[in-house]
Amino acid sequence: MKNRHCLRSKNRNRLSSITPLELRIIELMEIHDQNNEVAEHLGFSEQKLNAMTKDLYRKTGCMGIEDLKLYKEVYLMSKKNQSRKLRET
């Protein structure tokens, strides 16, 4: 289970470093089983997608797609909470 928690304390401050494109890649990876389908949908080569995915795993500290799904959910909740705090002030 140690790999299931990609949001260890050292990575929690990295939530803001994910780009909208990387978020979209995670969403497409949830839908499509094959990287070539994701690459085709984005208009990228499969090699470019593989490089971006590798960088995404490195940036987030995640070990697989299930970890990335969890990371995405926490990221979106974090953004939602930040915007709520801004409205309250």
Side-chain angles (χ1 to χ4, degrees):
M1 284 296 262
K2 70 177 184 177
N3 292 341
R4 299 286 306 145
H5 302 287
C6 65
L7 301 175
R8 295 182 190 100
S9 60
K10 68 179 182 177
N11 290 326
R12 288 182 193 188
N13 60 356
R14 294 184 183 178
L15 282 176
S16 62
S17 68
I18 192 170
T19 66
L21 177 58
E22 291 169 332
L23 184 61
R24 183 69 178 136
I25 289 171
I26 295 170
E27 290 170 348
L28 289 171
M29 289 173 71
E30 291 176 321
I31 298 169
H32 300 288
D33 291 335
Q34 302 293 321
N35 276 357
N36 63 345
E37 294 172 352
V38 175
E40 183 179 321
H41 187 81
L42 293 169
F44 294 159
S45 70
E46 193 171 350
Q47 293 162 329
K48 180 175 180 174
L49 178 69
N50 287 341
M52 293 179 76
T53 303
K54 183 178 178 180
D55 187 52
L56 183 58
Y57 283 123
R58 182 191 54 77
K59 279 174 67 173
T60 61
C62 295
M63 301 297 287
I65 185 61
E66 294 302 319
D67 285 344
L68 280 176
K69 290 178 187 179
L70 175 63
Y71 187 94
K72 182 191 86 165
E73 294 303 317
V74 172
Y75 172 80
L76 293 175
M77 287 176 16
S78 166
K79 289 297 181 187
K80 185 177 178 181
N81 288 337
Q82 285 176 357
S83 65
R84 186 177 338 146
K85 286 179 183 177
L86 288 175
R87 285 192 306 259
E88 290 173 357
T89 59

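Note that the structure is a prediction, hence the values are computed from the model and not measured.
Using a 4.5 Å cut-off between side-chain heavy atoms of Ile, Leu, Val, Met, Phe, Trp and Tyr, with links allowed through other members, Leu23 and Leu21 fall into the same hydrophobic cluster. Grouping the Ile, Leu, Val, Met, Phe, Trp and Tyr side chains by contacts below 4.5 angstrom, directly or via other members, places Ile25 with Leu76.
Side-chain atoms of Thr53 and Val38, non-hydrogen and from C-beta on, never get closer than 4.5 Å to each other. The shortest distance between side-chain heavy atoms of Asp67 and Thr60 does not fall below 4.5 Å. With a 4.5 Å cut-off on side-chain heavy atoms, His41 and Arg24 count as touching.
Each of Lys54, Met52, Gln47, Glu46 was checked for a side-chain contact (heavy atoms from CB on, under 4.5 Å) with Asn50, and the lone residue meeting it is Glu46. For the side chain to side chain donor-acceptor pair (under 3.5 Å) with Lys72, the lone residue among Glu27, Glu22, Glu30 that qualifies is Glu30.
Atoms OG and CG, on Ser45 and Asn36 in that order, are 11.5 Å from each other to the nearest 0.5 Å. Interatomic distance, CG of Leu49 versus CG of Asn35, reported as 5.0 Å (0.5 Å rounding).
Relative to the six-membered ring of Phe44, Lys48 meets both conditions, a distance below 6.0 Å and an angle of at most 45° to the axis.
Every residue two or more places apart in sequence or in another chain that forms a side-chain hydrogen bond (donor to acceptor under 3.5 Å, both in side chains) with Asp55 is listed here: Arg58. With sequence neighbours excluded, the residues that form a side-chain contact (heavy atoms from CB on, under 4.5 Å) with Ile65 are Met29, Tyr57, Leu68, Lys69. Listed by chain and residue number, His32, Gln34 satisfy the side-chain contact (heavy atoms from CB on, under 4.5 Å) test with Glu37 (two or more places apart in sequence, or in another chain).
Formation of a donor-acceptor pair under 3.5 Å by the Glu73 side chain with backbone atoms of Leu70 is not found in this model.
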